[in-house]
K.L.:
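Structure incoming, see below.
Numbering starts at 1 and runs along the sequence shown.
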Amino acid sequence: MHVISRAAMALAPLLMAIPGVWAAPPDAQRVWVVYKDGARGAAHAALRNANAQVHYQLDELRAFAATLPAPAIAALERNPNIEYVEEDPPREPYAALPGETPPYGIGMVQATAMQSRGYTGSGVKVCVIDSGLEVHSNVPAPGSSVTYVAGNLAANVDGLGHGTHVSGT
């Protein structure tokens with residue numbers, strides 16, 4: 001997945017409430033629209049013609065996340081430039097509970113049991129795709145053992161706290 005700007009997530013409901021910006025029709029659905037190689041422009045034009053609200057354009061995935069009227073979805077599925085259309089269900093991050101020491105995730109992944117058996121995690125690479133990452137005592141600074149992939153956010157930004165919690169665990 002791609003890291004999504006928390007500012008965009010926070011502003012989207014507000015912008016949709018402003019008259020004239022974009023109002024979802026009652027039968028609107030949020031979907032992923034994955035287009036065929038070389039068809040980004042045609043897919044984007046098809047979404048504009050369908051009166052879609054494009055939330056995100058993810059070129060690396062050849063996809064758009066958009067909300068559009070249900071009849072338009074069927075038309076997009078027949079479009080020769082579109083590979084497929086599928087539901088984009090809402091997802092909610094779960095943050096750490098306040099005051100946890102150590103975080104409950106440590107026990108859930110049986111990290112303590114693995115440490116008692118001599119496993120240190122040395123040499124293991126882990127990829128976390130989440131809400132971001134802020135450097136703190138459990139997460140080293142970029143350049144040491146952490147690599148940030150370019151996305152919508154600068155390194156060391158995690159307004160939700162979920163990515164930092166998961167990475168720390």
Side-chain angles (χ1 to χ4, degrees), residues 1-98 103-105 108-109 126-136 139 142 146-169:
M1 298 296 278
H2 199 71
V3 179
I4 297 170
S5 164
R6 277 170 295 292
M9 289 177 12
L11 290 175
L14 299 172
L15 291 175
M16 290 191 309
I18 299 171
V21 172
W22 191 87
D27 65 343
Q29 297 177 22
R30 184 164 167 148
V31 295
W32 281 103
V33 177
V34 178
Y35 53 87
K36 294 183 179 175
D37 280 333
R40 180 174 61 90
H44 193 255
L47 288 168
R48 266 195 319 271
N49 292 337
N51 192 31
Q53 179 192 22
V54 175
H55 305 288
Y56 307 103
Q57 178 178 324
L58 306 166
D59 292 333
E60 302 88 8
L61 301 174
R62 293 187 346 263
F64 293 94
T67 299
L68 59 157
I73 294 171
L76 283 175
E77 289 173 330
R78 293 187 303 273
N79 186 313
N81 297 301
I82 305 298
E83 194 166 310
Y84 63 90
V85 179
E86 70 179 20
E87 179 187 9
D88 183 21
R91 293 164 187 88
E92 296 292 327
Y94 294 98
L97 299 174
Y104 75 94
M108 292 183 73
V109 299
V126 176
C127 174
V128 176
I129 301 173
D130 209 309
S131 62
L133 180 66
E134 290 183 20
V135 174
H136 69 297
V139 180
V146 174
T147 301
Y148 292 93
V149 177
N152 294 344
L153 301 175
N156 198 27
V157 175
D158 185 5
L160 294 174
H162 188 262
T164 302
H165 169 71
V166 169
S167 298
T169 300

K.L.:
What are the two closest non-hydrogen atoms of Gln29 and Ala70, and how far apart are they?
P.N.:
NE2-CB, 3.7 Å

K.L.:
How close do Pro69 and Ala50 get, counting heavy atoms only, and between which atoms?
P.N.:
CD-O, 3.5 Å

K.L.:
Could you check if a side-chain atom of Thr67 sits within less than 4.5 angstrom of a side-chain atom of Asp88, using non-hydrogen atoms only?
P.N.:
no

K.L.:
To the nearest 0.5 angstrom, please state how far the CZ atom of Arg48 sits from the CG atom of Leu68.
P.N.:
14.0 Å

K.L.:
What are the two closest heavy atoms between Ala46 and Asn79, and how far apart are they?
P.N.:
CB-ND2, 3.5 Å

K.L.:
Given Tyr35 and Asp59, is the side-chain contact (heavy atoms from CB on, under 4.5 Å) satisfied, shown in steps?
P.N.:
CA-CA 10 Å; Tyr35 53 87; Asp59 292 333; 3.4 Å; yes

K.L.:
For Val85 and Glu77, what are the C-alpha separation, side-chain angles and deciding distance, and is it a side-chain contact (heavy atoms from CB on, under 4.5 Å)?
P.N.:
CA-CA 6 Å; Val85 179; Glu77 289 173 330; 3.9 Å; yes

K.L.:
Only counting residues at least two apart or in another chain, list the ones meeting side-chain hydrogen bond (donor to acceptor under 3.5 Å, both in side chains) with Arg62.
P.N.:
Asp37, Glu83

K.L.:
Could you give me the CA-CA distance, side-chain angles and deciding distance for Leu47 and Phe64, then say whether side-chain contact (heavy atoms from CB on, under 4.5 Å) is met?
P.N.:
CA-CA 9 Å; Leu47 288 168; Phe64 293 94; 3.5 Å; yes

K.L.:
Taking it one step at a time, do Ile73 and Val31 satisfy side-chain contact (heavy atoms from CB on, under 4.5 Å)?
P.N.:
CA-CA 8 Å; Ile73 294 171; Val31 295; 3.8 Å; yes

K.L.:
Are side-chain heavy atoms of Arg30 and Gln53 found at a separation under 4.5 Å?
P.N.:
no

K.L.:
As an exercise, state the distance from NE2 of His44 to CG of Asn49, rounded to the nearest 0.5 Å.
P.N.:
10.5 Å

K.L.:
Side chains of Val33 and Leu76: closer than 4.5 Å at any heavy-atom pair?
P.N.:
yes

